[in-house]
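Each remark here refers to the structure printed beneath this line.
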Protein chains: 2
Amino acid sequence: MEEQKKRILLVEDDPNFGTVLKDYLMMNDYEVTHAKNGMEGFEKFKKDDFDLCILDVMMPYKDGFTLAKEIREKNTDVPIIFLTAKTMKEDVLKGYKVGADDYLNKPFDSEVLLMKIKAIIQRKATETISDSKQFEFKIGSFDLNSKLRFLRFKGGEPVKLSPKENELLRLLALHENDLMPRELALTKIWRDDNYFTSRSMDVYIAKLRKYLKLDEKVEILNIHGEGFRLVINN
Amino acid sequence: MEEQKKRILLVEDDPNFGTVLKDYLMMNDYEVTHAKNGMEGFEKFKKDDFDLCILDVMMPYKDGFTLAKEIREKNTDVPIIFLTAKTMKEDVLKGYKVGADDYLNKPFDSEVLLMKIKAIIQRKATETISDSKQFEFKIGSFDLNSKLRFLRFKGGEPVKLSPKENELLRLLALHENDLMPRELALTKIWRDDNYFTSRSMDVYIAKLRKYLKLDEKVEILNIHGEGFRLVINN
DNA sequence: TCCCCTTTTAACCTTACATTAACAAAAATG
DNA sequence: CATTTTTGTTAATGTAAGGTTAAAAGGGGA
């Protein structure tokens, strides 16, 4: 059985270290694309599909965090590992905020890196089975295209959705008729969970409800203290 | 409202460090059970449901790995974080083998630990989302969906249940036709057992009876001084 | 720079929930 | 049978969560 090699985007400005790491990963059966800085990293990211990104934090022109943010705008799912200078606590916290999956302090042990890579790719694989790759939804009489970010009612004129509107409606649609926990949306979309992000989410729920009013069979119900539920009656 | 606190089992033999860590976690809104060694840790694990285990690796009598293995035999899902001595690489690798979700080198930064805890619990939550079925009960002519918190009579309009109503009815349903001890509900749902919580529970029993009146075959009987019994006659 | 689009923050209001109180009824106790 | 405990039920209260709208704050082009 031909296992497809996993593809890693490695963004690391130190040429020596970068090359060594790349070779090491390739020896361990990963397909590695090595970019020398943030710009290049983003270009390569856009061109290809990767299973994992390993980003150095300290880089000229465009640091790892900025790059990660750009990557996240394009793709909310791809796992990201940061390579941070030793015990830069702020870096670690900032990393998690941007949506990192893990971090590694330099200098690090290569075997540990391998373990992490395996664990993370594995984790994403099971997590992603259901919810990735799905960009088109039927919601009552609506069609949602979450890749192009529009919502269309009965084949009429599509209305454009903002990124957050879109992500939120997509999450709801993924859980159609089922509970979509508040926390899930907050951590997946807002990447933070506090009073204000929570209120912000409520505002977006209101916006979505306004859009969805056109079809009285479709509604977003609240489950007090838990989250929301997109139901389609018939 | 009533956001249920996440429960952490902390197994750490150093009394000073353990206590400090416990307090710190509690300050951050976790419910923490602290065990002083592997044995005690396992006992406590068996007695309760936890959302996360934090295990020190170096402990007398029973080290963290052995404990983790035992825990894994009982429960394949609960996330485990190891606290390892600084850069003991073997420990890290061994930890992953045993099925750890993450590890932290001592000394570690407490904020980083918090981030990890949040990330890990969140991750598990999304993974575990789909194993419903254990949330659906048939009670006479009623359907109880305790995940979506509604009760439906003969396929009619579902009526929403409050968290406490829901939990209580679920507990009763789990013990259908059998005694559901007062104390059980109080410790599991109210997590406290005193005069007032007990009265509060009685209030909820009254509410449930009102809902269930629609089906005269279903009733909640009191067993004086013992608890309640959900019976379905036919 | 200004403008437009998006997102957050704020304010105010409504609803949902849990607890407590108060009083009635049943059951146990002796 | 009188008294104490336990349970049944309804209503009042306080607080937290959610609904809604508008204004402020960012942020990326033209």
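Chain letters run A, B, ... following the sequence lines, proteins first, then strands; residues in each count from 1. Note that the structure is a prediction, hence the values are computed from the model and not measured. Hydrogens, waters and symmetry mates are skipped; everything else that's a heavy atom, side chains included, is used.
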Do you see a donor-acceptor pair shorter than 3.5 Å between the side chains of B:N194 and B:D192?
yes

Here the distance between atom P of C:dA16 and atom NZ of B:K160, to the nearest Å, is 6 Å

Indicate, with a heavy-atom threshold strictly under 4.0 Å, whether B:S200 touches base, sugar-phosphate, or nothing. base

Taken to the nearest whole Å, CG/A:D202 to P/C:dT7 is 16 Å

In whole angstroms, the gap separating P of D:dG19 from CG of A:L221 amounts to 10 Å

ask   = Cut-off 3.5 Å, side chains only: do B:N233 and B:E219 have a donor facing an acceptor?
value = yes

Per atom distances to the B:K164 side chain, the nearest of C:dA18, C:dT8, D:dT20 is C:dA18

Per nearest nucleotide of DNA chain D, the residue lying toward the 5' end, B:K207 or B:R182, is B:R182

When rounded to whole Å, the CG to P distance for the pair B:N194 and C:dA21 reads 12 Å

Is any N or O donor-acceptor pair between the side chain of A:R199 and the base of D:dG19 shorter than 3.5 Å? yes

Picking from C:dA10, D:dA17, C:dT19, the nucleotide nearest the side-chain atoms of B:Y204 would be C:dT19

Hey, does B:Y195 reach any base, or is it just sugar-phosphate, or nothing, if we go heavy atoms under 4.0 Å?
nothing

Mind checking if B:N222 touches a base, just sugar-phosphate, or nothing, with heavy atoms under 4.0 Å?
sugar-phosphate

Among the nucleotides D:dT7, C:dA10, C:dC17, whichever has the atom closest to the side chain of A:V203 is C:dA10

Q. Do you see a donor-acceptor pair shorter than 3.5 Å between the side chains of B:T33 and B:R7?
A. no

